[in-house]
Every structure is written in C-alpha cells, then in structure tokens.
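We use all heavy atoms of the structure for the numbers below, so side chains are in, but hydrogens, waters and symmetry mates are not. Chain naming here is simple, since letters A, B, ... match the order of the sequence lines and numbering starts at 1 in each.
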Number of protein chains: 2
Amino acid sequence: MVRRTGAATREEIHSAAARLFRERGYSRTSVRDIAAAAEINPALVIRHFGSKELLFLDTMRLTIDDEPLLDVPPAEFGERFVERLLADDDIRGVYLALVRGSDEPQIKERLQAIHERTFVGPLRARLAGPDADLRARLAAAVVGGLLYALWVVGDDQLVAADPAELVVRYGAVLQQLITPA
Amino acid sequence: MVRRTGAATREEIHSAAARLFRERGYSRTSVRDIAAAAEINPALVIRHFGSKELLFLDTMRLTIDDEPLLDVPPAEFGERFVERLLADDDIRGVYLALVRGSDEPQIKERLQAIHERTFVGPLRARLAGPDADLRARLAAAVVGGLLYALWVVGDDQLVAADPAELVVRYGAVLQQLITPA
DNA sequence: GTCTATAGGGAGATAGAC
DNA sequence: GTCTATCTCCCTATAGAC
C-alpha cells in the first residue's frame, strides 16, 4: 500500500468513525474499533482528533440541502419535507447516534442544535402569526416522531410500509400543523 | 439501623436503581452507584438481580392505567391521551432511559414492547377500517414525537409552554389521525 | 507522522469468610 | 443474607522511540 500522508490518515479515521458511530452508536464504538476499521494505530485516533468525544462530534454533522424545499408550493410542503427525511440516509444515522448518545451533555447539545436547524428552522420559515414559533416546534416534534418510530423503536410494520404511503399520510399530519387554522 | 431482611434490601436496591437509571441513563449508572445510593454493598446488587442489565430491565416497567381512557368520547380521545402522557412522571423517566439505552439489543426490545403496548395498542383500539394498524402506528409515532421533543431533545420552548396548550394543539393532531378520513 | 508499549482508571462480576 | 477482597477485562489516553 502507498504510504499515506497525515491528511489521508485523518480522513480514513474520520470515515471509519462516521460509519461505526452510525451503526453501533457512541458508547458501543471504541477507539480501538475505529483504529482497526481504518487499519491504523489506536494512538493516531487520539493524536488527530484529541479525544473520542471530539471525534464523534466531528462526524455528527448534517449538511441539509434546503434548495429543493424553497420552491415547493405551500400546500405540498408537508409531504415534500417527509419525503426528504426518508430519502436522506445520513439523517437516519446521525439522528440515531445522537439520540442514543444524548445522555452525554455535549451530545445532547448537538442534538438540540441539529433539531433546531434541521427541523424547527425550515418549518418556522413556512409559518406566520403570533404563535408561529410554538407551532413550528410542535411540527418539529411530529417530524422527530417519525424518525423515532422508524429508527429508534424500529417499528417493523412502519419500516416495511410503502414509503410513498408514509409520505402521503404523515405529510398530511404535518401539513395540518403548518397551515393557519 | 434495624437490620434489613433480604426482601427489604432487594427493594432498596430496586428503588435506588429505578431512580438512578431514570436520572442518568443506563450507561452512566454503575453498579457501584446503585449500591452507594441504596447504602449496601455492590456485591449484593449482582447477587439479588443477576446482572446490571437484568436489574435495569426489572426497573423499566410501565403500569399504565387504561381505565380513564375507556369512557372518553371518541372526539376527545386525542386530547385526553396527550394529557395522560404529560401527567405521568413515570413515562418520562422510562422512555428517556429506554431510548437512550436502545443500542443494547435487549433494551431496544423492551422499548419496542412498551411502545407497542402503551401507544400502538390503545390507539388501534380506537380505530376501525382496513388500514387501522398502519394509522395506529403513525399515531403512535406522533405521540412518541412529543416525548422525544420534550424529554430527549429537551426543546426549552416546549418544556416551558403551557401544558394545557400542548394538550389542545397536539391532541388535535392526534385526533386527525384516529378520525376516519 | 506513525508506531510500540503501557499507564491509569473503572467497569461488572465472583469467591469465600462470617 | 451480607460482607471484604479481588479477579478479569476493557476502556481512553499518553510517553517516547523511530
């Protein structure tokens, strides 16, 4: 194998860690596991990222592409939002890992930040009125509930259901919340 | 102090463990912590319950009182269900601990069982039609979303909101899902 | 930049005296 | 039934050679 540069090693560690944290969660993934998957030495993991927790937080980022949602007609927003959530593989892994690791204060903070930016923010941008903030937060709770049921609980019937049907039904629930009463 | 009998010691261990697991979660609560809180020896924890995981599962039970929901008029069911969830302190602690511990397979199984019995079951009992099961599962996801936003994420604005308003607004969302379209 | 070797701590669980 | 003492394992993180 070609000798790796420091940057390449760092990238391999990051990539292996991102995968393992998503699959097994924070507490069940050890620094040794990451090193083995990246085929490097455990000491390098710490040298490059400082600590296991810093590495974890570094892998738990979501870059949501908001563009497709900007042009959606207001009446279709609920469905399109649910559709996007189910289509994005990264959301599943990141949310699962953050939720399960959230008894660590720093991880809970990150979960709050991502919940706010990824769910509450886009929903509130679609709302008006004096109680827009509260309604956006309730809608974000509904959104989180779908991810919770599918990926945290792992409701087999929902996982096996036709995604298109979930989009239609669950999108309608969301739509009710963002449509002015 | 009066010398405790075996049964009393077992009860003290169980009580201390139930409290600590609800407050700190599974992975951040050690057998030694439980023993210290119960003012007994760490060896007794294992002797009485076999292992930390078995003790955890023994403390993670929910005894939901279904009675008050049986007589609720169908049109009010959504609100009354949400009201009951928010009023029950035990639900918060049990769900938080189970969700956060759910990367352990046995804990995830318990979460599935409680989700099924506590949320899906009562909701499905209120539904009819060919797709009653799917609609009940979507409604259960919505229910779980409220707990998720309040207790897992800890959305400060929702936690600080007037519970009565949450009952009205979120209950309406739930009601839409259990009312035949 | 990468490695070997190990420090240093904490965990769950057990053996056996009383 | 309860205790003291300890075993064994695995963890994160570090020191220092190359």
- Query: CG of B/L44 versus C1' of C/dA15: gap in Å, rounded?
  - Reply: 14 Å
- Task: Please determine if A/R124 and A/D133 form a salt bridge, counting it only when a charged side-chain N lies under 4.0 Å from a carboxylate O.
- Result: yes
- Note on the structure: Letter by letter from the 5' end, nucleotides 13-18 of chain D scores (B base, S sugar-phosphate only, - none; protein heavy atoms under 4.0 Å) SB-B--
- Using atom CD of A/E12 as one end and atom C1' of C/dT2 as the other, report the distance to the nearest whole Å. 14 Å
- Task: Using a strict 4.0 Å threshold on nitrogen-to-oxygen distance, state whether B/E104 and B/K108 make a salt bridge.
- Result: no
- Message: Check this for me: does any side-chain nitrogen of one of B/D103 and A/R28 sit under 4.0 Å from a carboxylate oxygen of the other?
- Response: no
- Message: Between B/H48 and D/dG1, is there a contact of a side-chain N or O with OP1 or OP2 at under 4.0 Å?
- Response: no
- Just by modelled atom types, is the B/R92 backbone N or O under 3.5 Å from a matching donor or acceptor in the B/R22 side chain? no
- Task: Would you kindly give the CZ-to-P distance between B/F49 and C/dG12, to the nearest whole Å?
- Result: 15 Å
- Nearest-Å distance for atom pair CD1/C1', residues A/I13 and C/dC3: 13 Å
- Does a side-chain N or O from A/S30 land closer than 4.0 Å to OP1 or OP2 of D/dC10, or not? no
- Those residues that, when tested against A/F56, pass ring-ring contact (aromatic ring centres under 6.0 Å, His included) (two or more places apart): A/F21, A/Y26
- Given the side-chain rings of A/F119 and A/Y95, with only the six-membered ring counted for Trp, is the space between their centroids under 6.0 Å? yes
- Between C/dG1 (C1') and A/E11 (CD): distance, integer Å: 17 Å
- Query: Just how far, in rounded Å, is P of D/dC10 from CZ of A/R28?
  - Reply: 14 Å
- Rounded to the nearest Å, what distance is computed from the CG atom of residue B/D33 to the C1' atom of nucleotide C/dG12? 13 Å
- Are any of B/T9's side-chain N or O atoms less than 4.0 Å away from OP1 or OP2 of D/dG1? no
